[in-house]
There are 2 protein chains.
Amino acid sequence: MDNSQGLAGQGGNETSDLSKARLRAWLQILKVSRKIEGELREKMRVEFGSTLPRFDVLAALYRERDGMRMSELSKSLMVSNGNVTGIVDRLVAEGLVVRLPVENDRRASIVRLTEAGEKDFAERALVHESWVSDLFSDLSSSDADALIRILRTISHHNEAPHHD
Amino acid sequence: MDNSQGLAGQGGNETSDLSKARLRAWLQILKVSRKIEGELREKMRVEFGSTLPRFDVLAALYRERDGMRMSELSKSLMVSNGNVTGIVDRLVAEGLVVRLPVENDRRASIVRLTEAGEKDFAERALVHESWVSDLFSDLSSSDADALIRILRTISHHNEAPHHD
DNA sequence: CACAAATATTTTAAGTTTGAAATATCTTCG
DNA sequence: CGAAGATATTTCAAACTTAAAATATTTGTG
């Protein structure tokens, strides 16, 4: 019964109105997401001489001050392992993060902010938040809450099945 | 400086609750967007042996059966000119689109679906819609409408100055 | 007409991203 | 112990992406 209401629901061989509404919703998410990401990328580049993916890694590490493994980073950011390797390489070259060995497991390493990385990110995060708030300045408090609620129902449905 | 409500509004030097709610909303948009895009990319790859960017180009051309210029394509998809060049090159190699000369302007070219491109896309679009509907199966009709409305207010704010 | 400016597209260099293969290390179990 | 499998990460090739430079063509102006 995972049948989507497409061919079964309505009688015709057209897809259903609900299916079309969901598609429109998805396309609108994509549109907003691209537009905002483009604006933020440009600001990052001009104001910080940096990039969004690097900011994302710094943000994750700022939340976990003791550092994270590469695998934790890639899971948290929902990007591939190989991807994180390259970003972290560049952040290491910039002196914003370090790779530390893990006691008892020489395969793994912990990535951690340096002092410079912490300081830089703390400053950038405030500016970043103000950029976002400006880009979303038409979003009222109640609409923000509604938006978050609706998007959460979508993410939860597609949550990775946790293996215990 | 063009200070947003951050430092000025509240009295403390913290950013405002509204600003934080907007940031959370943005991060949630990003999360859903990445998750869904990842799922769709995987399905495109496995089921169609293709990619999302190519699907996006085909979709744009399917809406404009007479074809589009490279610049129209890149504007419509909100990606750079150079980007579209590469995607179209590959679609040409696959025989799904063609580049046609433009009367009276030898700088430009029109990109148009071939018959094979039209046929392929028509089939894929139906399957794609059902994938999206499944991924959004927790999204009710009224929530879909609310989501679309809220996201539109955001896009409109950041709309490029229009020329219809 | 000549030639500067504008426009349409491609090329290029650098970075991001993926999925798969390769490495290195750890763990399990016969 | 030692091989087989599992796990953590990196490497690799291909594709995508951008911003900027280059190319080709058209348009506007004197």
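Lettering of chains follows the sequences in order, A, B, ..., and the numbering in each one begins at 1.
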Ionic contact status for B:Lys75 with B:Glu72, cut-off 4.0 Å:
no
Any carboxylate oxygen within less than 4.0 angstrom of a Lys/Arg side-chain nitrogen, looking at B:Glu123 and B:Lys119?
yes
With the side chain counted from C-beta on, respond yes when A:Val32 and B:Ile29 share a heavy-atom pair under 4.5 Å apart, and no when they do not.
yes
Can I get a per-line list of side-chain donor-acceptor pairs under 3.5 Å for residues 56-63 of chain B, giving both atom names and the distance, sequence neighbours left out?
| unit_1 | atom_1 | unit_2 | atom_2 | d |
| --- | --- | --- | --- | --- |
| B:Asp56 | OD2 | A:Arg34 | NH2 | 3.0 |
| B:Tyr62 | OH | B:Arg65 | NH2 | 3.1 |

Can you find a heavy atom in the side chain of A:Met70 that is under 4.5 Å from one in the side chain of A:Val88?
yes
Using modelled atom types only, decide if a donor and an acceptor are shared between the side chain of A:His156 and the backbone of A:Arg152 within a distance under 3.5 Å.
yes
Is it the case that the side chain of B:Ser137 and the backbone of B:Asp134 share a donor-acceptor pair, with hydrogens and angles ignored and the cut-off at 3.5 Å?
yes
So do B:Lys43 and B:His128 actually touch side chain to side chain, heavy atoms under 4.5 Å?
no
pair B:Ile154-A:Leu135: side-chain heavy atoms closer than 4.5 Å:
no
Contact list for DNA chain C against residues 61-72 of chain B - heavy-atom distance below 4.0 Å:
B:Arg69, B:Met70, B:Ser71
Give me, pair by pair, the N or O atoms of the protein and of nucleotides 11-16 of chain D that are less than 3.5 Å apart, along with how far apart they are.
| unit_1 | atom_1 | unit_2 | atom_2 | d |
| --- | --- | --- | --- | --- |
| D:dC16 | OP1 | B:Thr51 | OG1 | 2.8 |
| D:dC16 | OP1 | B:Arg54 | NE | 3.3 |
| D:dC16 | OP2 | B:Arg90 | NE | 3.3 |
| D:dC16 | OP2 | B:Arg90 | NH1 | 2.3 |

Mind running a 4.0 Å heavy-atom check of residues 92-114 of chain B against DNA chain C and sending the residues that fall below it, in number order?
B:Arg99, B:Arg107, B:Ala108, B:Ser109
Provide the start and end nucleotides, 5' to 3', of the part of DNA chain C that has atoms under 4.0 Å from heavy atoms of chain A.
C:dG15 to C:dC26
Does B:Val84 or B:Arg45 map to a spot on DNA chain C nearer the 5' end, using the closest nucleotide for each?
B:Val84
Pick base, sugar-phosphate or nothing for A:Glu42, based on heavy-atom distances below 4.0 Å to the nucleic acid.
sugar-phosphate
Counting N and O atoms only, with roles assigned by atom type, does the side chain of B:Arg22 sit under 3.5 Å from a partner on the main chain of A:Phe136, one being a donor and the other an acceptor?
yes
Using the test side chain to side chain donor-acceptor pair (under 3.5 Å), find all partners of A:Asn83 that sit at least two apart in sequence or belong to another chain.
none
Rounded to the nearest angstrom, tell me the gap between atom CZ in A:Arg34 and atom P in D:dT17.
7 Å
Is the gap between the ring centers of B:Trp131 and B:Phe55 under 6.0 Å?
no
Do the side chain of A:Thr114 and the main chain of A:Gly95 share a donor and acceptor less than 3.5 angstrom apart?
yes
